[in-house]
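Remember, it's a predicted structure, so these values are computed and weren't measured experimentally. In each ligand, atom 1 is the first atom listed, and ligand 1 is the first ligand listed.
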Amino acid sequence: MEIYVVYDSEAGHTEALANAIAEGAKSAADANVHLHHVSEADPRDLADMDAIIWGCPGHFGTISSGLKAWIDKLGPLWARGQLVGKVGAAFCTTATVHGGIEMTLWNLITPMLHNGMIIVGLPGNVLENVLYGSYYGVGVTCPVEVSEDAPMNMPTDSDLALGRVLGRRVADITRKFVS
Ligand SMILES: Cc1cc2nc3c(=O)[nH]c(=O)nc-3n(C[C@H](O)[C@H](O)[C@H](O)COP(=O)(O)O)c2cc1C
């Protein structure tokens with residue numbers, strides 16, 4: 001099965017989470033995972049995918065303009081119904097816990113629904129999620145550094161574990177549709 005992971009990221013926080021999601025998806029032996037920064041991703045490639053996972057930093061409570069501009073190139077695929085029935089999932093990073101994680105995840109999911117995709121979140125029986133996560137995908141907080149000299153606050157091991165679980169879950173659910 002073909003799984004596409006596309007992300008926007010300015011300083012690498014969301015990229016680290018995207019890497020963990022791709023790693024989780026790749027842990028399924030039958031998954032062929034395509035991981036791309038949005039600047040090098042071709043929307044036309046989505047037609048050949050079985051599952052699509054996209055994510056970005058939350059910018060003012062919603063999708064970053066970089067990823068939104070890319071999503072807005074999906075009109076021709078939408079018009080031909082080429083994404084209908086594909087599995088989708090979303091992820092994001094923000095700087096604060098109450099800085100719009102859920103709104104950003106919902107805004108990422110909305111265009112998937114408009115394209116007829118089947119959304120996969122994380123349920124409460126996933127251990128990593130019940131302790132810490134979100135039901136709408138993976139949204140994690142990387143707090144702003146206390147000073148310019150401080151090391152960057154990247155996603156924690158728990159954050160990355162959630163990412164791996166989402167990637168694997170997408171692969172396991174997609175398999176039920178493609179086999
Ligand atoms: C223009 C802009 C708007 C942002 N808006 C928010 C916000 O509304 N809430 C929040 O918690 N963080 C906000 N942030 C912080 C980023 O979401 C956060 O630092 C994120 O982890 C950056 O990920 P990246 O390194 O992958 O770009 C904003 C950052 C920028 C540049």
Selected option - heavy-atom contact closest to atom 9 (N) of ligand 1, from G99, C56, G58: G99
Heavy-atom check, side chain of H59 versus side chain of K68, under 4.5 Å: no
Proximal ligand 1 atoms for A11, defined as those under 4.0 Å from one of its heavy atoms: 24 (P), 25 (O), 27 (O)
Cluster check V178, V170: I/L/V/M/F/W/Y, side chain < 4.5 angstrom: yes
H37 and Y7 aromatic ring geometry - parallel, tilted or perpendicular at 30°/60° bounds: perpendicular
Check: R164 side chain, E23 main-chain N or O, donor-acceptor pair, under 3.5 Å: no
Winner among H59, E10, E15 once heavy atoms are compared against atom 30 (C) of ligand 1: H59
Atom 5 (N) of ligand 1 - nearest protein heavy atom and its distance: F60 N, 2.8 Å
Those atoms of ligand 1 less than 4.0 Å from some heavy atom in T14: 23 (O), 24 (P), 26 (O)
Pairs flagged by salt bridge (Lys or Arg N to Asp or Glu O under 4.0 Å) wherever residues 49-62 is involved - sequence neighbours left out: none
Heteroatom distance test (G12, ligand 1): nitrogen or oxygen, under 3.5 angstrom: yes
Intermediate values then yes/no, side-chain contact (heavy atoms from CB on, under 4.5 Å), L108 and L67: CA-CA 9 Å; L108 285 164; L67 185 63; 3.5 Å; yes
Candidate with minimal heavy-atom separation from atom 21 (O) of ligand 1, of I101, V97, T93: T93
salt_bridge(R169, D172) N-O dist < 4.0 Å: no
Min N/O separation G100 to ligand 1 under 3.5 Å: no
Donor on one side chain, acceptor on other, D159 and T156, under 3.5 Å: yes
Heavy atom of the protein closest to atom 25 (O) of ligand 1 (residue, atom name, distance): H13 ND1, 2.6 Å
Atoms in ligand 1 with a heavy atom of P57 nearer than 4.0 Å: 17 (O), 20 (C), 22 (C), 23 (O), 27 (O)
Heavy-atom nearest neighbour in the protein, as seen from atom 12 (N) of ligand 1, with distance rounded to 0.1 Å: A95 N, 3.2 Å
